[in-house]
Protein chains: 2
Amino acid sequence: MEGSHSHPYAPTDLKLDGYVPIVLPQSTIVGIYLGVSLLVVSLVWIFSGRSQKISRLDRLLMCWWVFTGLTHSILEGYFAFSPEFYKDKTGFYLAEVWKEYSKGDSRYAGRDVGVVAVEGLTAVLEGPACLLAMYAIATRKSYSYILQFAISLGQLYGTAVYFITAYLDGDKFATNTYYYYTYYVGANASWVVIPTLISIRCWKKICAAVEVFQGQKKTKTR
Amino acid sequence: MEGSHSHPYAPTDLKLDGYVPIVLPQSTIVGIYLGVSLLVVSLVWIFSGRSQKISRLDRLLMCWWVFTGLTHSILEGYFAFSPEFYKDKTGFYLAEVWKEYSKGDSRYAGRDVGVVAVEGLTAVLEGPACLLAMYAIATRKSYSYILQFAISLGQLYGTAVYFITAYLDGDKFATNTYYYYTYYVGANASWVVIPTLISIRCWKKICAAVEVFQGQKKTKTR
């Protein structure tokens, strides 16, 4: 046994030498994530409301970008660069998060290269870009739409690779149906629905702007 | 041996039961790809030149989109949906292409799920989108820039996942240094450089259009 504990993940033949069990209860792990997120989102909502120039929809988008940006940078950033999180003995919160989430997808604990590649790109490129998107909305930068579009497309591409690779590998990485639907499907659903909506909106806004721009150029050259 | 031939790929412990060796020489395989591509690109260049409204740069872009679009749809499309191409006995050209390319990256013959996921997305979504981009440029659609941007970003994301997963898996999939640099690095380099240049150009064009658009709206509401 070499001091190793048996893990709760599927498939059971997954080797995780040195695995240390979760110490925090699920409610605490999920509660802290949702609680901190709600706090940050509330702060962004309140502060953005002090400017009358920012529409309600843009304020909502700022809330989304801060939430998803911090999730990418902190949670996913920790995962991408901590190959041995499942050996953590200190009850460190971020390690607990991924020990818990691995019940929905053991490829996290098992360090599947596809998952690590997608999470690495998400953490390093998309995380900071999300925070930039929040700033771009608040300050009405001309790159606001194209940046939001780029990040959303990256999120959709990453999520697609994430689901397709699991499917091709036999879709056998959840401890049970409960974790499959709450963690693997449920927790990722927001990153399918919201980026889709944002992409469509940005696409339309940009097309409208380009149409006016092309029309102007035509008028000028006449 | 069960009628199976030994394969030329790395690592040597890769199992490919029923592998049938390549029949066409490298020069034929590469020559047909480059020859057909040159033919199609030339046709697009000539026909697009008959319209005086299309700039030289836009014509060049149309050539790129038809080349990459057909590569995605036909070559990569065949790979994505032909898990047993390495067993092909007929000398079918597309199977030969991937038997040959696997010398640069055996994950193709080995059906690595990350590679299949990326190639599937590329073939199904990006391939047809590239041909649409060519059409959008020719007909000056307002969605032309955002579509070219979206595809280029998808290509860059796919290529990033492709290289990162190989790196994380030990970068051990090339038969030798020659194939590593010509196929794995060389053949993919265009899909890093060109999408990067196109993304930057589209980003700038879109920002300029949005700036004018936002300025107009301000003027109107005053």
Side-chain angles (χ1 to χ4, degrees), chain A residues 53 80 83 107 111-122 124-126 136 140-147 149-171 199-200 202-218, chain B residues 53 80 83 107 111-122 124-126 136 140-147 149-171 199-200 202-218:
Chain A
K53 284 182 187 165
R107 297 181 301 168
R111 208 80 194 152
D112 174 271
V113 294
V115 167
V116 175
V118 167
E119 289 292 10
L121 285 169
T122 305
V124 171
L125 297 180
E126 289 168 24
R140 306 173 68 82
K141 297 287 182 205
S142 60
Y143 62 78
S144 169
Y145 294 125
I146 187 74
L147 178 63
F149 182 77
I151 307 167
S152 298
L153 229 58
Q155 291 173 323
L156 287 172
Y157 199 109
T159 313
V161 170
Y162 177 69
F163 282 124
I164 294 171
T165 48
Y167 171 78
L168 292 172
D169 254 344
D171 207 10
S199 303
I200 294 171
C202 293
W203 176 286
K204 285 181 182 170
K205 292 271 183 190
I206 287 168
C207 287
V210 169
E211 200 148 348
V212 170
F213 192 61
Q214 285 180 336
Q216 273 200 346
K217 279 207 299 194
K218 260 185 214 159
Chain B
K53 284 182 187 166
R107 298 181 301 168
R111 209 80 195 150
D112 175 89
V113 294
V115 167
V116 176
V118 167
E119 290 291 11
L121 285 168
T122 305
V124 173
L125 298 180
E126 289 166 25
R140 306 175 69 82
K141 296 288 183 204
S142 60
Y143 63 78
S144 169
Y145 294 127
I146 186 76
L147 178 62
F149 182 77
I151 306 167
S152 299
L153 229 60
Q155 290 173 324
L156 288 172
Y157 199 109
T159 314
V161 170
Y162 177 69
F163 283 123
I164 294 172
T165 48
Y167 172 79
L168 292 172
D169 254 344
D171 209 8
S199 303
I200 294 171
C202 293
W203 177 286
K204 285 182 182 168
K205 292 271 183 191
I206 287 168
C207 286
V210 169
E211 201 148 348
V212 170
F213 192 61
Q214 285 180 337
Q216 274 201 345
K217 278 208 299 193
K218 260 184 214 159

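Computed from a prediction, not measured in an experiment: that's the story for all the values here. These values consider heavy atoms only, across backbone and side chains, with no hydrogens, waters or symmetry-generated copies.
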Item to complete: Might you point out which heavy atoms bring B:Leu168 and A:Ala117 nearest each other, and give the distance in Å?
Response: CD1-N, 4.0 Å
Worksheet item: In terms of heavy-atom pairs under 4.5 Å, which option from A:Ser144, A:Gly114, A:Ala166, A:Gly154 contacts chain B the most?
Response: A:Gly154
Fill in: By side-chain contact (heavy atoms from CB on, under 4.5 Å) - contacts of B:Leu147 (at least two apart)
A:Trp203, B:Ala129, B:Leu132, B:Ala133, B:Tyr143, B:Ile151
Practice prompt. Measure distances from A:Phe149 to the heavy atoms of chain B and classify the residue's part below 4.5 Å as side chain, backbone, both or neither.
Written response: side chain
Worksheet item: Nearest 0.5 Å, what's the CG-OH distance between A:Leu156 and B:Tyr157?
Response: 10.0 Å
Worksheet entry | Non-hydrogen atoms of A:Gln214 and B:Arg140 that approach each other most closely | OE1-O, 3.8 Å
Item to complete: Supply the atom-to-atom distance A:Phe213 CZ to B:Glu211 CD, rounded to the nearest 0.5 angstrom.
Response: 9.5 Å
Worksheet item: chain B heavy atoms under 4.5 Å from A:Lys141: which part of the residue, side chain, backbone, both or neither?
Response: backbone
Worksheet entry | A:Val212, part contacting chain B, at a heavy-atom distance under 4.5 Å | side chain
Worksheet item: What residue, out of B:Cys207, B:Gly120, B:Cys202, has the most heavy-atom pairs lying under 4.5 Å from chain A?
Response: B:Cys207
Worksheet, complete the sentence: Interface check, chain A: of B:Ile146, B:Ile206, B:Leu125, B:Val210, most non-hydrogen pairs under 4.5 Å belong to B:Ile146
